[in-house]
Amino acid sequence: QVQLVESGGGSVQAGGSLRLACAVSNRTPDFYALGWSRQAPGKEREFVAAIGWYTDNTHYADSVKGRFTISKDKSKNMAYLQMNSLRPEDTAVYYCGSGWSDSDMKNWGKGTLVTVSS
């Protein structure tokens, strides 16, 4: 089974940046895309972004479009989420999962906490 481990979370001030990383282990033949979701305190999990593993197709939630960039390095089995212009409402635990959409992503990692203060 695919294993995903997130890292790079931390505390930043509004307007700052963070880069999250997702390490992919035990990649299976049906691993075709990777995505990020987040869950804020008291809120449901929200889709953030996804990228194809064999293509560079990406899509983003409207709330992060233009501020966040998802990328990957296949040779290193790594994916990243560059988060710029962070806002307090971006505060959440960020999870890495395999899949393209919020409906099909699975193999979620344990998450990494991002806290944005004003």
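All values reported here derive from a predicted model rather than from experimental measurement.
- Checking N26 against Q1 by side-chain atom types alone, no donor-acceptor pair falls below 3.5 Å.
- Looking only at distances, no side-chain donor or acceptor of T28 sits under 3.5 Å from a matching main-chain atom of V2.
- Side-chain contact between L34 and W100 is absent, with no heavy atoms from C-beta onward closer than 4.5 Å.
- Listed here is the closest heavy atom pair of L4 and N107: CD1-O, 3.2 Å.
- Between D90 and R87 there is no salt bridge, since no side-chain N of the basic residue sits under 4.0 Å from a carboxylate O of the acidic one.
- The aromatic rings of Y95 and W108 sit perpendicular to each other, their planes meeting at more than 60°, with 30° as the lower class boundary.
- By the 4.5 Å heavy-atom criterion applied to side chains, D56 and K72 are counted as neighbours.
- Heavy atoms only, all atoms of each residue included: W36 and E6 are closest at CZ3-CG, 3.8 Å.
- When the side chains of ILVMFWY residues are joined at heavy-atom separations under 4.5 Å, either directly or via intervening members, V114 and I70 end up in a single hydrophobic cluster.
- Contact check for F68 versus L86: side-chain heavy atoms found under the 4.5 Å cut-off.
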Name the atoms and distances for all side-chain donor-acceptor pairs under 3.5 Å in residues 40-51, with sequence neighbours left out.
from: E46; atom 1: OE1; to: R38; atom 2: NE; distance (Å): 2.8
from: E46; atom 1: OE1; to: R38; atom 2: NH2; distance (Å): 3.3
from: E46; atom 1: OE2; to: S63; atom 2: OG; distance (Å): 3.3

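- Summarising the geometry of Q82 relative to S17, their closest heavy-atom pair is NE2-CB, 3.9 Å, with the distance given to 0.1 Å.
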Q: Determine, step by step, whether Y32 and D30 satisfy the side-chain contact (heavy atoms from CB on, under 4.5 Å) criterion, reporting the C-alpha distance in whole Å, the side-chain angles of both residues, the deciding distance to 0.1 Å, and the verdict.
A: CA-CA 6 Å; Y32 69 97; D30 61 344; 5.8 Å; no
Q) Where do W53 and F31 land on the ring-ring contact (aromatic ring centres under 6.0 Å, His included) test, with the steps shown first? A) CA-CA 8 Å; W53 193 253; F31 183 85; 5.2 Å; yes
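- The backbone N or O of G9 lies less than 3.5 Å from a partner atom in the side chain of T112, making a donor-acceptor pair.
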Q | Trace of the side-chain contact (heavy atoms from CB on, under 4.5 Å) decision for Y80 with T69 | A | CA-CA 8 Å; Y80 307 94; T69 303; over 6 Å; no
